[in-house]
2 protein chains.
Amino acid sequence: MTEHENKTTKALTKNQVMVLDVLSKSNAPLTAYGILDLLRDDGFRAPPQVYRALEKLCEFGMVHRLEGLNAFVACSHSHCQNGGLAAFAICEKCGEVREFTPAKMSNQLEEWANSKGFAAKKTTIELSGLCKACNQ
Amino acid sequence: MTEHENKTTKALTKNQVMVLDVLSKSNAPLTAYGILDLLRDDGFRAPPQVYRALEKLCEFGMVHRLEGLNAFVACSHSHCQNGGLAAFAICEKCGEVREFTPAKMSNQLEEWANSKGFAAKKTTIELSGLCKACNQ
DNA sequence: ATTTGATATGTTATATTATAACATATATGT
DNA sequence: ACATATATGTTATAATATAACATATCAAAT
């Protein structure tokens, strides 16, 4: 049993582990090029190496992409791997990102989707504004 | 009383009108560069002309940005100008975008935000998947 | 009507984000 | 060991977005 496993119980590759590690250690979202810079000394030379790892990690639910920032964060929860809905509150001032799980909202989205026959594969919910500390 | 007005009852500028027009006439989202191409014959030469108009139109609530597509759509409703929440269902296959208004969900997001002291200025909700027709 | 200040526009250049295409290497199953 | 799939390295380029600055237009006050 290796340290990181995805839902298919397959170990992550070397590059996936490195990308996940820098994201996990960061307390703010990172862009693909930011990750690339952090991993130059570890053999990363070009964007595709980062983007390919990110693509898989997002598939596995271990990383989320913040569309509004073109940036990426490690998932705060384990249940995202199980298809759970994730939402994000992004502070415009300090950059803090909080992931949360709007359980009921999920049902309402499903209701709308069901009523219209829309089969949702992915749901993006992002709030941007000011966190408590920055709003004082 | 001019044709287009925003919530401050100020008429749109020439460029804003042209960008809104092409978006309104399009039955699919357009990228900034797509809009630029459509407006070349009308004096548009460079990206900033498009991006500046889009920025204002988004502020006014007359255009929405689809973060997941890096594209823009004219708002389907009038109430978006009043700070209403908008959500989008984007079909991966045919590209159709449906805007809808998840009234109750808005309350739940507010509840979470209130409980955490987060002051949300903007909310992005995007579902991507297959529309009814494409899911047959 | 003219000045003034604010807003909008035009333009060039460049920054940022993302992917195509192809060669090589590593892992996996038989 | 062989065949096949997956992952990696690399170069080049595409697609998206903004900085910076010059000029023009608009709106209000004198």
With B:Lys116 via side-chain contact (heavy atoms from CB on, under 4.5 Å) - residues at least two apart: A:Arg98, B:Trp112

Separation of D:dT16 P from B:Glu55 CD (nearest whole Å): 18 Å

Spacing between A:Arg45 atom CZ and D:dT10 atom P, to the nearest angstrom: 5 Å

Residues in side-chain contact (heavy atoms from CB on, under 4.5 Å) contact with A:Glu55, at least two apart in sequence or another chain: A:Glu59

With sequence neighbours excluded, residues passing side-chain contact (heavy atoms from CB on, under 4.5 Å) with A:Lys14: A:Met18

Summary of ring-ring contact (aromatic ring centres under 6.0 Å, His included) pairs that have at least one residue in residues 116-136 of chain B, sequence neighbours excluded: none

B:Arg65 CZ to D:dT18 C1', straight-line distance once rounded to whole Å: 12 Å

Positions of residues 25-41 of chain B (non-hydrogen atom under 4.0 Å from DNA chain D), listed by number: B:Thr31, B:Tyr33

Atom-pair distance (CG on B:Leu69; P on C:dT19), nearest Å: 12 Å

When the side chains of residues 34-54 of chain B are checked against the rest of the protein, which donor-acceptor pairs come out under 3.5 Å, sequence neighbours left out?
from	atom 1	to	atom 2	distance (Å)
B:Arg40	NH1	B:Arg45	O	3.3
B:Gln49	OE1	B:Arg45	N	2.6
B:Gln49	OE1	B:Ala46	N	3.0

Listed partners of B:Lys122 passing salt bridge (Lys or Arg N to Asp or Glu O under 4.0 Å), at least two apart: B:Glu67

Under 3.5 Å, which protein N or O atoms sit close to an N or O of nucleotides 5-8 of chain D? Give each pair with its distance.
from	atom 1	to	atom 2	distance (Å)
D:dT8	OP1	A:Thr13	OG1	3.0
D:dT8	OP1	A:Asn15	N	3.2
D:dT8	OP2	A:Thr13	OG1	3.4

Proximity to the side chain of A:Pro48 - top-ranked nucleotide from D:dA17, D:dA19, D:dT10: D:dT10

Spacing of OG1 belonging to A:Thr124 relative to NE2 belonging to A:His64, to within rounding of 0.5 Å: 10.5 Å

Salt bridge (Lys or Arg N to Asp or Glu O under 4.0 Å) involving A:Lys25 - partner list, sequence neighbours excluded: none

Residue list, salt bridge (Lys or Arg N to Asp or Glu O under 4.0 Å) with B:Glu111, at least two apart or on another chain: none

For B:Lys93, all residues meeting side-chain contact (heavy atoms from CB on, under 4.5 Å), sequence neighbours excluded: B:Cys91, B:Leu130, B:Cys134

Whether B:Ser26 side chain and B:Val22 backbone form a donor-acceptor pair below 3.5 Å: no

Shortest side-chain distance from A:Tyr51, nucleotide among D:dT10, C:dA18, D:dT16: C:dA18

Whole-Å gap separating P (D:dC26) and CG (B:Leu12): 15 Å

Five-pair end axes of the helix from C:dA1-D:dT30 to C:dT30-D:dA1, angle between them (10°): 40°

B:Asn70 vs B:Asp42, nearer the 5' end of DNA chain C by closest nucleotide: B:Asp42

